[in-house]
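Read through the structure below, which is laid out as structure tokens, and then see the notes.
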Amino acid sequence: MRKTIALLALMCSTCTYASDYNILEFGAKNDTTQISTEAIQNAIDKCAEHGGRVIVPAGNYKTGTLILRSNVHLYLEMGATLYGSTELKDYKKMKSDYVSLRTQTTTIQLIYADNVQNVSIDGYGTIDGRGSAFKKLSWNDEGITRPHLLRFINSKDIVVKDITMKNSGCWMQHYLACDRVQIQGIKVFNRNNYNNDALDLDGCHGVTVSNMIADSDDDGITLKSTSPRLCENITIQNCVVSSHCNGLKLGTETNGGFKNINISNCIVKPSEDQTSQFFGHEGKRGTSAISLEIVDGGIMENIHVSDILVEGTESPIFIRLGNRARGYAEGIPVEKVGKINGIHLSNITVNNAGSTGCSITGLQGHPVENIFLNNITITQKGGCKKIAPPTDEKEKEYPEATMWGTLPATGFFVNHARHVVFNNIEVNTIEKDERPVYVKLDTLP
């Protein structure tokens, strides 16, 4: 017995246990007039040596760029707020080895991780980027002079849970080429600057997003593909999304594309704050509730969107195959038109839509194929005379649900399509409207 006890004691003496690393013990200040970047980073680096949690206790802390490491769990207690610095000098310029449209120059982020694994951010605290301090200086300056709040690149086994994120300088959270990501129960408020997306998943595999409440001035939940890597095997469910632009979107960047995407049990609605920073006026409906786009040579297949409630959007459903053909890097042209094949939309109710109508369009010689729409009810403003179908296909233009203005159908304008199946579709107009429910051009059964 004594030998057994001695052996256990020896074993325990050599064990290393994961610990908590309180940022106050590393010199962080509960005072937003002082910057705590170095102290918090030291806590992260120490935690990465052995694993464990970095604790942000209740209080208010100002920080510049923080770089997460593998095996770090960042925990924000209830009542804790990390405030982003409002000075550009406090943000580190980072450049990833992963090649995509938006990694070929240095970028700035409040919280950054590249090529890490087993990282968690959770708790009931808040991260506030104070993004309104960063003015828009050029057309494409997101991440250049306006910081992202959270960015993971080429990383694995990521969990972001329960926290509140506010006020990014541009996109709130960008996950690029990541595997096995869980986003659960977070709250996102991003309505203080341009390009204020709520969530961007970019070329990620094996992702679940659930129970997120998001209010964004730009796109809400967005899947992108800014490299040849597809977004693949992704489930999004039980979310409430407010957006002045597109609520649920696959696109615009689509070099790789999207495969095996399941979106269900979500609500898309207007923000309670009707003032839009991006669009510059009040009272604008969201552009589209569901936008499914391929314009840069990628593929889209096996997409399921079901059980969606929509309130107040201009053009509820937008499916678009175009040919913008923008490459993800210089010297890598897009030389083929992409494909859309296998879209399933079901159990969708739309109230208070604008009068634009919905569209499902491909290109001549490149039809969208196998589109199934089932149990969809749309109530829209109406009040239009008969309208001729658009003649300019705008093959190279940025895809947007309102790109042709008011469409010739109250329900669906379909062009360059093969095997589009409508079942149990009801379209009502509040004001008398002379347009038919369907207008179909260049379609095959």
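As the structure is a computational prediction, the values presented were derived from the model and not from experiment. The analysis underlying the following values was restricted to heavy atoms, covering all of them including side chains, and did not include hydrogens, waters or symmetry mates.
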Sort out for me which residue in D217, D128, D215 forms a side-chain contact (heavy atoms from CB on, under 4.5 Å) with F189.
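By the side-chain contact (heavy atoms from CB on, under 4.5 Å) criterion, F189 pairs with just one of D217, D128, D215: D215.
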I'd like to know whether [atom1] of [X] has more than 12 heavy-atom contacts from other residues, nucleotides or ligands below 6.0 angstrom.
X: K187; atom1: NZ; answer: yes
X: K381; atom1: NZ; answer: no
X: D97; atom1: CG; answer: no

With a 3.5 Å distance limit and no angle check, can you tell me whether [X] reaches the backbone of [Y] through a side-chain donor-acceptor pair?
X: T313; Y: G286; result: yes
X: Q109; Y: I67; result: no
X: T164; Y: T126; result: no
X: S225; Y: S227; result: yes
X: T429; Y: G382; result: no

What's the verdict on ring-ring contact (aromatic ring centres under 6.0 Å, His included) for Y83 and Y61, showing C-alpha distance, side-chain angles and the deciding distance?
CA-CA 6 Å; Y83 285 101; Y61 310 90; 9.3 Å; no
Is the NZ or CZ atom of R151 positioned over Y112's six-membered ring, under 6.0 angstrom from the centre and within 45° of the axis?
no
Any cation-pi pair here, K136 with Y194, using under 6.0 Å and within 45°?
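Yes, a cation-pi geometry.
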Going from [atom1] on [X] to [atom2] on [Y], what distance comes out if it is rounded to the nearest 0.5 angstrom?
X: E426; Y: T349; atom1: CD; atom2: OG1; result: 9.5 Å
X: W404; Y: T356; atom1: CH2; atom2: OG1; result: 12.0 Å
X: S242; Y: K269; atom1: OG; atom2: NZ; result: 3.0 Å
X: R326; Y: T254; atom1: CZ; atom2: OG1; result: 9.0 Å
X: E142; Y: W139; atom1: CD; atom2: CH2; result: 8.5 Å
X: M403; Y: T361; atom1: CE; atom2: OG1; result: 7.0 Å

For residues 290-300, which residue pairs qualify under side chain to side chain donor-acceptor pair (under 3.5 Å), counting only residues two or more places apart or in two chains?
N246-S291, T252-E293, S288-S291, D296-R324
Contact between [X] and [Y] at the side-chain level, heavy atoms closer than 4.5 Å - yes or no?
X: I186; Y: L199; answer: no
X: L250; Y: I303; answer: yes
X: N341; Y: K339; answer: no

Can you check salt bridge (charged side-chain N to carboxylate O under 4.0 Å, His left out) on E434 and K386, steps first, answer last?
CA-CA 5 Å; E434 295 181 2; K386 286 185 178 180; over 6 Å; no
Run the salt bridge (charged side-chain N to carboxylate O under 4.0 Å, His left out) test against [X] and tell me which residues pass, sequence neighbours left out.
X: D157; result: R180
X: K249; result: D219
X: K259; result: E301

Looking only at side-chain N and O atoms, does H244 offer a donor or acceptor that is under 3.5 Å from a partner on D218?
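No, H244 and D218 have no side-chain donor paired with an acceptor closer than 3.5 Å.
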Residues two or more places apart in sequence or in another chain: which of them pass ring pair (Phe, Tyr, Trp, His ring centres under 6.0 Å) with H344?
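Partners of H344 by the ring pair (Phe, Tyr, Trp, His ring centres under 6.0 Å) criterion, ordered by chain and then number, come out as H304, F372.
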Ring pair (Phe, Tyr, Trp, His ring centres under 6.0 Å) against F152, all qualifying residues, sequence neighbours excluded:
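In terms of ring pair (Phe, Tyr, Trp, His ring centres under 6.0 Å), with neighbours along the sequence ignored, F152 is linked to Y175.
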Determine, stepwise, if the pair K135 / D141 fulfils salt bridge (charged side-chain N to carboxylate O under 4.0 Å, His left out).
CA-CA 10 Å; K135 302 305 179 185; D141 64 349; over 6 Å; no
